[in-house]
Amino acid sequence: MKLGTIGSGKIVQEMLRAIEPIEEVTCVAAYSRKQETADELAGEYQIPKTYTSLEDFFADEEMDTVYIASPNKLHTEQALQAVENHKHVICEKPFTPNAADAKKLKEAAKQNNVFVFEAIPTLFLPNFLELSNHIERLGQIRLIQCNYSQYSSRYDQLKAGEVTNMFNPEFAGGALSDINIYNLHFVLRLFGKPSEVTYKANLFENGIDTSGIALLSYPGFQASCVGSKDTTGENFVSIQGEKGYMYIKPGANGVNNVKITIDGKTKDISVKQDRARLAYEFIYFNKIIKKNNKKAFEELINHTIAVAEVLEDARAQTGL
C-alpha cells in the first residue's frame, strides 16, 4: 500500500505512528491546505512528497490509497475524487454524513474497481474478534450497555463562543458522530442493524449534541449507547445474557480487557494486542486490496452503510 494522507490532526499523526512498523504500508504523500503544515508533517514522518492542491495530490501515480481525515462534511466529496482517480480510500469515521452518500461511494468504488473503507479500528482489534467467539455462551442476549465519555477541550471553546468543526452542525459534528459512533459500530457488527433507533441528546444552543443516549431495539433485547463530549465517565461495554455476562474495558474504542462471567465464575478471555490500535485495520485493508477480496469488501461496506443509516436516523430525531 502506497498511502497519501489528507489532514494533519492528531488522528493522522496517530495513524502514521501506527503504520511505521508495517512493511507493507508506506506513506508517500501528504496533502494540507497550508504548505507549512504539510512540510511539518512530512518532516516528522519522513513523507517524501507534499501537496496543497487536491487535484495534483490525486494525480500522484505512485499513490494507490488515500487516507481521509478531513472535517466530516468533506468526506464524501474527497472520497469520490479519490475513487474517480482510481485510488482506494480509507476514510475516518463517520464515513459520510448520510447513508445515501455511503451507498454512492460503494457504487463508485465498484465502477472504478477500487475499495473504500471506513477507518473504525474497533472491528479489527484482536480482542474484539476474540469476544465475538464467546457471545453464544451468554445465552439469549437481553441487555447491552455501552459508555464512551470523554470531556473535550473543544467543549470549553464552544462555551466560550468559539465553534469548532466538532461542534458545528454544518460540518456534521456532534457527540453521536464523533464518539458514540464507536458504540454503534460495536453493537451493529456483533448483532446487525436494530429494528428501531431512539436518540435523546443534550443539545447546545446552536443545536449540536454534546452528549446523548442512543437506544437500539432488537427482537428480544435492548442496547443503550452513551456518548459524551461534555462529561467524563467510566468507559465500558457490558453484554448481558440469560446465562452470563461479558464486561469490556475501556469500552468500544479500546477493547483492551475482556472478562466473561458464567455461573458466577469470571474468566479473563483477553488476548494480546501488541500493535498500535490503528495498525490492525490497515493490515486488514491491505490484505483485501492485495487479494482483491470483493466478498470481504462487500461485508464491510454493507456494515458501514447500516451504521450510516442508524446514525442518520438518530441525528434526525434531534433536528441535526
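These numbers come from a predicted model, not from an experiment.
Using cut-offs of 30° and 60° on the angle between ring planes, the pair Phe115 and Phe297 is tilted. In this pair, Tyr182 and Tyr148 present their aromatic rings perpendicular. The plane angle is above 60°, beyond the 30 to 60° band.
Residues Phe128 and Phe186 place their aromatic rings such that the two centres sit under 6.0 Å apart. The ring of Tyr284 has its center no closer than 6.0 angstrom to the ring center of Phe117.
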List the steps, then state whether side chain to side chain donor-acceptor pair (under 3.5 Å) holds for Ser211 with Asn202. CA-CA 5 Å; Ser211 57; Asn202 295 313; 2.8 Å; yes
Residue pair Thr50, Gln35: steps toward the side-chain contact (heavy atoms from CB on, under 4.5 Å) verdict: CA-CA 8 Å; Thr50 62; Gln35 187 65 54; 3.0 Å; yes
Test side chain to side chain donor-acceptor pair (under 3.5 Å) on Tyr199 and Asn180 and set out the steps. CA-CA 11 Å; Tyr199 186 54; Asn180 211 351; 5.0 Å; no
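In this structure Thr198 satisfies the side-chain contact (heavy atoms from CB on, under 4.5 Å) test together with Glu196, Lys200, Leu215, Gln317, sequence neighbours excluded.
Taking CG of Asp64 as the start and CD1 of Ile289 as the end, the distance is 6.5 Å to the nearest 0.5 Å. Note that CZ of Arg137 and CD1 of Ile269 are 7.0 Å apart. Values are rounded to the nearest 0.5 Å. For the atom pair OG (Ser32) and CG (Leu54), the distance works out to 10.0 Å, reported to the nearest 0.5 Å.
Between Pro94 and Leu311, the shortest heavy-atom distance links the atoms CB-CD2, 3.9 Å. Of all the heavy atoms in Asn235 and Ser149, the pair that sits closest is OD1-N, 2.7 Å. Contact detail for Ser152 and Met166: the closest heavy-atom pair is OG-SD, 3.8 Å.
Salt bridge Glu24/Lys290: absent, no basic N to carboxylate O contact under 4.0 Å. Salt bridge absent: Glu40 and Lys34 never bring a charged side-chain N and a carboxylate O closer than 4.0 Å. Salt-bridge annotation for Arg277 and Glu14: present, with a side-chain N of the basic residue lying under 4.0 Å from a carboxylate O of the acidic one. Ion pair Glu170/Lys73 not flagged as a salt bridge, since none of the NZ, NE, NH1 or NH2 atoms sits closer than 4.0 Å to an Asp/Glu carboxylate oxygen. Look at Glu44 and Arg17 and you find no salt bridge, because none of the NZ, NE, NH1 or NH2 atoms lies under 4.0 Å from a carboxylate O. Of the charged side-chain nitrogens involved, at least one lies within less than 4.0 Å of a carboxylate oxygen, so that Lys110 and Glu298 count as a salt-bridged pair.
The cationic atom of Lys259 (NZ for Lys, CZ for Arg) does not lie both less than 6.0 Å from the six-membered ring centre of Tyr247 and within 45° of the ring axis.
Counting only heavy atoms from C-beta outward, the side chains of Asn147 and Ser224 never approach each other to under 4.5 Å.
Partner of Cys27 under the side-chain contact (heavy atoms from CB on, under 4.5 Å) criterion, chosen from Leu41, Thr65, Val12, Thr5: Thr5.
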